[in-house]
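Keep in mind that what you see is a predicted model, and the values were worked out from it rather than measured.
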Amino acid sequence: MEPSSVLGPVGERVPDVERIAVLRANALGDFIFVLPALEALRAAYPSAEIVLLGAPWHATFWRDRPGPVDRVLVVPPAPGIREPGPDEPASDLADFVAAARTERFDLALQLHGGGANSNPIMAGLGARVTAGLRAEDAPPLDRWIRYIYYQHEVIRYLEAVALVGAEAVTITPALAVTDADRAEAGAVLGEPTRPRVALHPGATDSRRRWPPERFGEVARALAGDGYEVLVTGTPAERETVDEVVAAAGVPVRPQVGTLSLGGLAAAYAGCALVVSNDTGPLHLAAAVGAPTVGVYWIGNLINGATPLRVRHRPIASWTIRCPVCGVDCTRDIYPHRPGGGVCPHRDSFVADVPVAEVVEAARDLLRSEYQAGCGVSGS
């Protein structure tokens with residue numbers, strides 16, 4: 001079926017666009033993946049206002065921060081959209097959509113997921129053109145591409161915005177660090193007396209967590225190399241951070257809930273290296289320019305690890321069977337493969353990654369950073 005003259009051919013820019021809505025209301029790492037797509041929209045529609053339909057943290061983080069987001073409308077908690085935050089007052093999604101409709105969006109981009117819950121929201125905005133992702137169980141948009149799980153997230157969203165003629169200008173997520181961020185980090189951490197590295201041993205999904213004692217070994221090795229070691233974590237990760245500190249057996253600096261997200265960004269930007277599980281702070285560190293070593297389960301490496309290697313080293317675990325019950329945990333994506341059963345366990349799928357691999361990658365990047373800083377070319 002040919003697209004209508006109102007919609008225009010898929011892949012061409014939409015004329016006379018003044019306001020663009022982008023739905024992306026999830027967590028830190030997930031949001032960072034969409035930054036190149038937002039930059040592509042900014043380049044294709046330089047005079048348009050880009051309004052993020054996001055979560056409360058987006059509204060706080062993007063206040064007075066340069067970048068491709070002009071304004072944030074906070075989407076209420078709803079199934080398939082986002083979970084409510086602590087003490088967040090109840091609000092109605094239908095009321096939100098009705099109010100957002102008065103914004104008179106020209107484009108509405110669904111960059112949130114497969115679309116079963118989110119595509120109806122985009123349709124309700126009344127935009128001239130809707131575009132984005134569509135899983136098999138989701139209603140269509142005016143312009144859409146199929147949501148296929150195993151695809152790098154950055155490329156997924158770049159393909160989606162290309163539906164409205166927004167061609168990629170970068171594949172590298174980048175976030176600005178503000179003077180206020182740097183002032184906060186300086187007030188909390190002080191001026192470094194030696195190069196800093198940071199370790200982040202937490203992750204929301206316990207299957208992505210490398211054991212704390214392994215992080216402790218990395219901390220001990222890097223402290224022995226002369227680096228000041230920070231161990232960062234959210235208040236919910238305090239126990240994990242404490243385990244790393246105890247396992248290190250040398251002086252390190254735990255930082256649990258001491259910095260806002262902007263302050264954490266500045267802290268990472270000032271580090272010579274960040275070592276982390278596959279979680280939001282790892283992607284934040286990369287986006288503010290820090291070299292990173294990330295510990296990944298192989299499926300998550302496909303979707304989330306940067307393909308760049310000058311400043312980044314992903315270390316992969318190839319485990320696909322639950323370490324407790326042996327169930328093949330890829331069968332939810334590949335149901336025709338042999339095996340069966342449902343795995344209820346949440347034990348680490350990355351515990352088999354050797355400490356030596358992480359330390360070797362860390363030292364390689366730290367040596368590269370030193371050489372770059374001294375103007376020495378690597379061989």
Side-chain angles (χ1 to χ4, degrees), residues 19-45 48-63 65 67-85 93 96-97 100 103 105-125 127 129-135 138 141 143-145 147-149 151-164 166 168-176 204 261 265 279-280 283-284 286-287 303-304:
R19 189 166 293 116
I20 303 171
V22 177
L23 177 61
R24 187 69 174 166
N26 36 22
L28 174 61
D30 297 312
F31 179 75
I32 286 173
F33 292 140
V34 87
L35 286 170
L38 293 173
E39 296 287 358
L41 285 171
R42 169 63 71 224
Y45 299 95
E49 181 186 32
I50 298 178
V51 181
L52 177 68
L53 310 187
W57 76 265
H58 293 114
T60 301
F61 186 70
W62 283 103
R63 190 176 300 129
R65 184 174 304 277
V69 174
D70 295 308
R71 185 160 51 97
V72 176
L73 292 181
V74 175
V75 183
I81 304 300
R82 68 176 185 87
E83 296 293 323
L93 184 60
F96 169 82
V97 172
E103 297 265 354
F105 291 109
D106 298 292
L107 296 181
L109 277 296
Q110 194 280 98
L111 306 183
H112 190 73
N117 297 288
S118 49
N119 285 2
I121 294 174
M122 307 315 285
L125 295 177
V129 176
T130 61
L133 304 165
R134 182 193 182 193
L141 301 164
R143 304 180 183 183
W144 57 270
I145 56 171
Y147 179 92
I148 304 296
Y149 182 76
Q151 178 183 17
H152 196 282
E153 296 292 309
V154 168
I155 304 304
R156 187 194 309 282
Y157 306 117
L158 284 172
E159 280 200 306
V161 298
L163 293 168
V164 294
V169 295
T170 182
I171 62 167
T172 305
L175 275 174
T204 302
L261 187 56
T279 189
H283 307 298
L284 175 67
N303 279 39

At what distance, to the nearest 0.5 angstrom, does CD1 of Ile20 lie from OH of Tyr45? 6.5 Å
Mind checking what makes side-chain hydrogen bond (donor to acceptor under 3.5 Å, both in side chains) contact with Glu39, not counting sequence neighbours? none
Please list, chain by chain and in numerical order, all residues satisfying side chain to side chain contact (heavy atoms under 4.5 Å, CB included) with Ala43, sequence neighbours excluded. Val169
Can you tell me how far the OG1 atom of Thr130 sits from the CD atom of Gln110, to the nearest 0.5 Å? 10.0 Å
Check side-chain hydrogen bond (donor to acceptor under 3.5 Å, both in side chains) between Asp70 and all other residues, then give those that pass, not counting sequence neighbours. Arg42
Applying side-chain hydrogen bond (donor to acceptor under 3.5 Å, both in side chains) to Arg134 and not counting sequence neighbours gives none
Side-chain donor-acceptor pairs of residues 51-62 under 3.5 Å, sequence neighbours excluded:
unit_1, atom_1, unit_2, atom_2, d
Trp57, NE1, Asn26, O, 3.0
His58, ND1, Ala55, N, 2.7

Output yes when a side-chain donor or acceptor of Arg156 lies under 3.5 Å from a complementary backbone atom of Tyr149, and no otherwise. yes
State which residues pass ring-ring contact (aromatic ring centres under 6.0 Å, His included) with His283; sequence neighbours excluded, sorted by chain then number. Phe33
List the residues meeting side chain to side chain contact (heavy atoms under 4.5 Å, CB included) with Ala123, not counting sequence neighbours, and say none if there are none. none
With sequence neighbours left out, the residues meeting salt bridge (Lys or Arg N to Asp or Glu O under 4.0 Å) with Asp106 are Arg128
Show every salt bridge (charged side-chain N to carboxylate O under 4.0 Å, His left out) that has at least one partner inside residues 74-84, sequence neighbours left out. Arg82-Glu88
Taken in chain and number order and not counting sequence neighbours, the residues that satisfy side chain to side chain contact (heavy atoms under 4.5 Å, CB included) with Ala168 are Leu158
Please list, chain by chain and in numerical order, all residues satisfying side chain to side chain contact (heavy atoms under 4.5 Å, CB included) with Ala44, sequence neighbours excluded. Arg13, Ala166
Under the side-chain hydrogen bond (donor to acceptor under 3.5 Å, both in side chains) rule, collect the residues that match up with Arg71, sequence neighbours excluded. Glu49, Glu103
